[in-house]
Amino acid sequence: MEFQSPRHSARRTVKNSSKLKSEYPHSLQLYSVPPNETIGLQELEDWAVERLKVLRAIERVNLSKNARFSDDWKNALKNDLQKQNLNSWYQLSSSIKDEKMDELICKTRQKDHVSHFLLRLAYCRTEESRRWFISQETDLFRFRFSMENSEDIRVFMKENKMNFQPIPEEEKKKILTKLIHAMPFNANKIDMVEYYKVPFTEALDLVRHRKVYLQAGYAYVPNEELVSIITAMFRSHLSLAMALTMRSLPELEDDHRIRRLLNDFDKRYTGQDFNALQNKSSGAAITPEMLDGLSKQSYPLCMRHLHETLRSTHHLKHGGRIQYGLFIKGIGLSLEHSLKFWREEFSKNMDIDKFEKQYAYTIRHNYGKEGKRVNYSPHSCIKIINASVGPGENHGCPFKHFDAAVLRQKMATNRVPQPAIQEIVDLVTRHHYQIACQRYFEATHNTELDSGIQHPNQYFIESQKILNGEAKEKPKGAHKVQTIRATLPAKVEKPDTTDENDEILREGKDNHFLIFRLHGNHRTNTRFQHMIGVTIMYT
Amino acid sequence: MSEQSEEAMLTYYKRLFPYGPYFRWLNYGNMKEHYFHNREFSFTLPDDIYIRYQSFKDEAELEEELKKMKPQKIDLGAVYNHRPKSHRSITNFVPMEKELVFDIDMTDYDDVRNCCQGADICDKCWKFMVVAVKVLDVALREDFGYQHLLWVFSGRRGVHCWVCDDAARALDQSARSAVAEYLQIIKGGEQQNKKVSFNHEHLHPAISRAAGIVGHHFESMMVEDQDILGNEEAVKKFLLMIPDEQLKIKLEKAMLNYHDSISRWRVFEELTANTGKTKRQILHLKEEIMLQLTYPRLDINVSKQLNHLLKSPFCVHPKTGKICVPIDPANVEEFSPETVPTLSQLINELLELNSESLGKDGKSLKEYERTALNPSIQLFKKFLSNLESSWRHKRIIASDAKMEF
Ligand code: SF4
Ligand SMILES: [Zn+2]
């Protein structure tokens, strides 16, 4: 592409439309190659903000009670987008054969492409924000996918080299009963269903939930689940890309304009990670003796349960030690205090020696003093809710992991009024765990919150604010308490388990999205170009 | 004394440890460069001193080091992209491959066994392990197509499985976690009574297969041995798993008319035989309960993580002195932890060996092959020769491919 002088006053952002059309032949994109454009900083930011609005709309709709990707869910999302004048973000298919329309659609596809790459930068920095971004982006992809017709899907799959072939009729007949028994849906229409035989590693989400029949390493995927395979590919592409983007970020941040732009995004939209927050509201440092009192006043139920279990049994299994250990670090307990606290409790059941050898390590590890020396962040609700909890274990989220009867009893003991208990149990049966937690907060603090609880440490801080009179205690209906974070979905599906860990940072995997592109001698922002492939004009 | 003496460990590493076969295993036919050399070993030395990131060039270096360090315990980790020993000097040090592993420990069964608790085991509760091996072995083979499964006694109260197929060793973290979750059906912590629920009309083929295996053992191991309905309190505990209130009341009344586990179990079977047809929630109740009580309880974090360490086969268990020997999954019922040789027993055998077999032929046999360890070594070698034939096959394909050019 031609080098454009930054002094050029006119913003020429769009290539001629036929070229655009050939570059964006399809409404769905895997975003494997960065864009190659010249775009003004302002426009770039506008596009990114628009995309963010779309992602936040998805997040909002996920909070509603509609089952994900059901028709109601889709309509709710469309409504939300229409209200904000963002319809173009899902009307990307050019079934309408009209020159004008075509041009508009291609431009939107370009906008889609560029804004995606920009947001990657803003959201690659912490595990939490990566997870959030990947999850919304994957939903957006799946939403758009669901609106394509089968012909378009075929073209898309072919272009992206996804060559799945249905199994022949005889093969299907041979294993018919097994296929029927593995079907999560009604078996009546089995005749109509086409099956694709793929290596099980390409259908991990289906395998994980036992939604497919497996034989000798192959998964038999019915055509209506194909979308889940393609979505999974999208997701794994993206998490790999995000991990690599993060690695290249330090170089990029040299450019202060970019840094400002990104920082801004980060602050506005991802919130904090609650790592080792001092308990600023009380001013005094937290000591182990204070925990009993605090657990009654300000702990969310998950942590209160762990605290009480620890006090009564003098032990917690690994999952509990991590979940609770990070939480108390987050509320401001120092490493020394933390060691003292665990030691005192554990040593009621074992000799100190054994504690020092077997358990002190994990505690120091939580504080980044052992192992990889990462200063781990306290777990968020989503992480806790999705944790697997086994026999003998006490971590997890009570709203998700307790039997209703046990939950009722626990709440009654904690003096939650009966009507609130009922309301909370109803929310729980509909899987709205975080909203249930919010009601619990409201019932025990006699106040109202704007949004759901997303983090146990957020819960704690909110509670302390109220108890210390920082936020005025408000009777129901009065002006609402400010919350500190954007909402995250209350109803969550299993998150992607491809944690953005070291493993996907393996070298040698395709990193073509980091292609180096030099645009003339436009030195000031070449680094930025490498990352997202656009040249910025500072006018 | 909870550790083995240094002297005994030295004898073990000098005369008993099967270096040859062990190296042949971890070297995997040298199909990939530095595969053995980049493998992490970690050692536990006396007084719980724990050293990670050990690595060895070859069999000779491993042998030399084991004799020198005399570790109480050896753990195996992943194969990395560089030598673990020099991991500090490498910025991008990441695990590349490892066997897919499973860890099943009897302590996770404490809420369902009445014969022992904690570290103790007996023949009655060992049956939980028998069921675990049977259920997982067939699932890994039939569903995932794996063939090279090394089952190992963990030395005290559990079993490990090392899936050694090339494809399994190359799985990434998300694939490992999907496999582990596919195989994990017991979910729920202390505050959840019903830990297994299926609400589709049919049971998934893998589940009904498992239910079949479990069903085979259920009455003898649970109803008889564990006596799960032996007294009123036990019946109450059992009934906590019934999600339907009406049914629960009905069952309680009927079961308490009888006084032994077997009759009470029969009552349960009768009363639930047809109710399921009408209520979806209890459609698979009997299977769910049998599975909750006996289905393998996996520590899935061990399986999910690529860099998780696991105690190596042929370790001496520091507390029991038993050798972590392979188990033949086809004859798992014949295996009893009671008969596993201990280090002191083997050392005694060695003493006798010297005096008795002096001058006799037997030179071709290694010393360890003349002790009670021999059957375990033979089993391990059988596993190895299957593994090796798979490489031979690959090599032939590879060289054929070259010839074509
Ligand atoms: S919703 Fe979050 S804070 Fe509340 S109990 Fe569950 S995990 Fe804890
Ligand atoms: Zn026992």
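Order of the sequence lines sets the chain letters (A, B, ...), proteins ahead of strands, with each chain counted from 1.
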Hey, what do you get for OG (A:S388) to NZ (B:K187), rounding to the nearest 0.5 Å?
8.0 Å
Under a 4.5 Å heavy-atom cut-off, does chain A meet the side chain of B:Q192, its backbone, both or neither?
both
If you count heavy-atom pairs within less than 4.5 Å of chain B, which of A:T177, A:L204, A:V406 leads?
A:L204
Under 4.5 Å from any heavy atom of chain B, what part of A:K317 do you find: side chain, backbone, both or neither?
side chain
Counting only N and O atoms by type, is there a donor-acceptor contact under 3.5 Å from the side chain of A:R208 to the main-chain atoms of B:Y182?
no
Look at the side chain of B:E190 and the backbone N and O of A:E393, then say whether any donor-acceptor pair between them is shorter than 3.5 Å.
no
Please check if the number of heavy atoms outside B:F198 that lie under 6.0 Å from its CZ is greater than 12.
yes
When you measure from the side chain of B:H204 to the backbone of A:V212, do you find a donor-acceptor pair of N or O atoms at a distance under 3.5 Å?
yes
Could you have a look at B:G145, B:G188, B:A175 and say which one has the most heavy-atom pairs with chain A under 4.5 angstrom?
B:G188
For A:E171, does the CD atom have more than 12 heavy-atom neighbours from other residues, nucleotides or ligands under 6.0 Å away?
yes
Just wondering, are more than 12 heavy atoms of other shown residues or ligands nearer than 6.0 Å to NZ in B:K248?
yes
Side chain from CB out, backbone as N, CA, C, O: work out which of these in B:Y50 comes under 4.5 Å of a heavy atom of chain A, or both, or neither.
neither
With side chains defined as the heavy atoms from C-beta onward, is the minimum distance between B:V179 and A:V207 less than 4.5 Å?
no
Applying side chain to side chain contact (heavy atoms under 4.5 Å, CB included) to B:I185 and A:R210, what does each step give before you reach the verdict?
CA-CA 10 Å; B:I185 66 170; A:R210 261 175 260 113; 3.1 Å; yes
For A:Q215, is there any backbone N or O sitting under 3.5 Å from a side-chain donor or acceptor partner on B:D143?
no
Heavy atoms, side chains only, cut-off 4.5 Å: are A:M183 and B:H202 in contact?
no
Determine the minimum heavy-atom distance between A:D403 and B:N193, stating which atoms define it.
OD2-N, 2.7 Å
Where does A:H395 contact chain B at under 4.5 Å (heavy atoms): side chain, backbone, both or neither?
neither
Side chain, backbone, both or neither: which part of B:R297 has a heavy atom under 4.5 Å from chain A?
side chain
Tell me if the NZ atom of A:K197 is crowded by more than 12 foreign heavy atoms within 6.0 Å.
yes
Chain B contact via A:F200 - which portion, at a heavy-atom distance below 4.5 Å
side chain
Quick one: of B:D110, B:I207, B:D111, who has the most non-hydrogen atom pairs under 4.5 Å with chain A?
B:I207
Among A:V389, A:L206, A:T201, A:L407, residue most engaged with chain B (heavy-atom pairs, under 4.5 Å):
A:V389
In the structure I gave you, are the side-chain heavy atoms of A:P391 and B:D108 within less than 4.5 Å of one another anywhere?
no
Under 4.5 Å from any heavy atom of chain A - which part of B:Q147:
neither
With side chains defined as the heavy atoms from C-beta onward, is the minimum distance between B:Q191 and A:N394 less than 4.5 Å?
yes
